[in-house]
There are 2 protein chains.
Amino acid sequence: MARLPEYLRALTSLAEQGISVCSSEELAGAVNVNSAKLRKDLSYLGSYGTRGVGYDVDYLRYQIAREIGLTQDWPVAIVGIGNLGHALANYSGFGTRGFRVAALLDAAPERCEESVGGIPVRSFDDLDAVLAETPVAIGVIATPAGAAQGVADRLVGAGITSILNFAPTNLVVPAGVSVRKVDLSVELQILAYHEQRRAGAEELRGAAIAAAGEEQSA
Amino acid sequence: MARLPEYLRALTSLAEQGISVCSSEELAGAVNVNSAKLRKDLSYLGSYGTRGVGYDVDYLRYQIAREIGLTQDWPVAIVGIGNLGHALANYSGFGTRGFRVAALLDAAPERCEESVGGIPVRSFDDLDAVLAETPVAIGVIATPAGAAQGVADRLVGAGITSILNFAPTNLVVPAGVSVRKVDLSVELQILAYHEQRRAGAEELRGAAIAAAGEEQSA
DNA sequence: TGCGTTTTGTTCTCACGTTCACAAACTCCT
DNA sequence: AGGAGTTTGTGAACGTGAGAACAAAACGCA
Ligand SMILES: NC(=O)c1ccc[n+]([C@@H]2O[C@H](COP(=O)([O-])OP(=O)(O)OC[C@H]3O[C@@H](n4cnc5c(N)ncnc54)[C@H](O)[C@@H]3O)[C@@H](O)[C@H]2O)c1
Ligand SMILES: NC(=O)c1ccc[n+]([C@@H]2O[C@H](COP(=O)([O-])OP(=O)(O)OC[C@H]3O[C@@H](n4cnc5c(N)ncnc54)[C@H](O)[C@@H]3O)[C@@H](O)[C@H]2O)c1
């Protein structure tokens, strides 16, 4: 389930506040979901709560982390060390939850001279060599859209089965490979859509008020 | 619908290839959705196809753009010009689809001396003054998680009704304000979950094969 | 003009996810 | 110990979205 990470974050936040037990209502409130949904999600993992009391925060935290797979750490490779790649490589929030930047790759030779956050940028041509040195479970694509499919193909060819794609392209990959896409402009367009609908509704309201006024004056 | 931007992107890609008419099957293939779903989505906007022929790419493109609201341009303000904020401010893909970075804001005084991509970084304290100078429709939050709710409150207070949040927090906002969240670590955790399940399945298969071997040898 | 072909727009069915509601279970207090 | 009060876990209704199937419409061709 895609909600488990949200629960985990909320639980961590509660733990930091020193709260050791919480009810499904409290936790659901923190994540903005229905409490029945939360309970059903959690019951899918097992019976980790006690009736009349609630859930033990630390215990539940561990169980969710185990379910997601965060009890081990996941080495990540970032491909495309441009604007976005730099930001990702510098991102400290990466390491806080079991993810570790294991390799940085770029096609441009001049990029390969620098190192970001203590990790050297290697040539994408040396992909296989780099993966032989350090195992990598997840590949992050931060290249221009045109190069993304080719990069994905090579990553899959090198045995990587999980890809996070920041380029605005629909990657096609063989069955058995997971791809998640983060698309900034889609998010902005959805916001624009709602914004426009709000503006439209306002106009309609205005028109209705004007019409009502006319009606009254007629 | 959240799929409209995907359709629009696919249509743009077709237009660039010089294709002027396409069927729902072709377009659906490019976006990896069912063609019936695509047709249903499009029929929601109106009857813009011709039976027996398909859809006129340019016409449909315009209609979708109009529905989303991309016929006007949307000024965007970015708050928090750190690692991520810099990348966003430099991102050229912003402008290609009706979005324009109108203002950059940060709380740290030292940040306010530089300018990124030709746009000066202003103090977040001057939010109201900045918004008075240049209208802004969408606010992007790229501050640390702890500051995000406060920033959101101030943005809402200043009249902004659409927020794109990169900080790993659940923002609470009044009704009538849209928030979209982009959470990198949630995406990574979902990938890790699938990766772990694959590894588990593999182990099971291995165990089953071993068991079968034992059975045979027994 | 009339028939066959193609493709849209729509209806119908089904499965999934969400929500309600309640019994079982646990705690606390008397 | 027993009852009152809580809170989980889950069975059943509900609504929504996805996919299959088909009728209506346009085009081409004779
Ligand atoms: N910058 C942002 O804020 C932002 C936001 C959302 C999405 N994106 C998307 O992320 C991607 C990268 O954006 P950016 O601003 O960092 O671009 P960029 O041009 O700054 O960086 C791209 C990098 O990829 C490298 N590259 C190109 N082809 C490659 C290949 N075949 N193999 C390996 N490396 C290759 C380039 O050398 C360059 O360093 C783009 O697809 C963009 O649409 C960026
Ligand atoms: N860097 C990444 O690749 C990345 C990826 C995903 C998510 N994020 C998230 O994006 C956010 C920013 O990440 P970052 O790496 O850019 O952090 P950063 O520390 O580099 O930048 C944060 C910026 O926000 C400014 N700031 C702090 N409080 C503020 C306030 N109250 N008002 C205005 N500005 C304020 C700081 O001055 C700083 O410039 C974080 O929440 C992070 O979790 C970052």
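All chains are named by letter (A, B, ...) in the order of the sequence lines, taking the proteins before the strands, and each is independently numbered beginning at 1. Bear in mind the structure is a predicted one, so any value in this text is a computation, not a measurement.
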Start at the 5' end of DNA chain C and walk down; is the nucleotide closest to B/Glu25 or to A/Met1 reached first?
B/Glu25

Could you tell me whether A/Tyr59 and A/Tyr48 have their ring centroids closer than 6.0 angstrom?
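Yes: the rings meet the under 6.0 Å criterion.
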
Look at A/Ser24 and D/dT7 and indicate whether a side-chain polar atom (N or O) is within less than 4.0 Å of OP1 or OP2.
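False: A/Ser24 side-chain N/O out of range (4.0 Å or more) of D/dT7 OP1/OP2.
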
Would you kindly say whether [X] and [Y] are connected by a side-chain donor-acceptor distance under 3.5 Å?
X: B/Glu26; Y: B/Ser23; answer: yes
X: B/Ser92; Y: B/Asn90; answer: no
X: B/Arg66; Y: B/Tyr62; answer: no
X: B/Thr169; Y: A/Arg9; answer: no

Starting from the first five and the last five pairs of the helix from C/dT1-D/dA30 to C/dT30-D/dA1, work out the angle between the resulting helix axes, to 10 degrees.
0°

Before accepting this row, confirm whether a basic side-chain N of the pair A/Glu67/B/Arg197 lies closer than 4.0 Å to the acidic partner's carboxylate O.
no

In plain terms, say whether B/Glu195 and B/Arg198 are close enough for a salt bridge, that is, a side-chain N and a carboxylate O under 4.0 Å apart.
yes

Nearest-angstrom distance from the residue atom CD of A/Glu26 to C1' of D/dT8:
14 Å

Is there a donor-acceptor pair closer than 3.5 Å between any side-chain N or O of A/Trp74 and the backbone N or O of A/Val136?
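No, because the side chain of A/Trp74 does not come within donor-acceptor range (under 3.5 Å) of the backbone of A/Val136.
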
Contact list please: residues 34-60 of chain A against DNA chain C, heavy atoms, distance less than 4.0 Å, in numerical order.
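Close to the strand are A/Asn34, A/Ala36, A/Lys37, A/Arg39, A/Lys40, A/Arg51, A/Gly52, A/Val53.
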
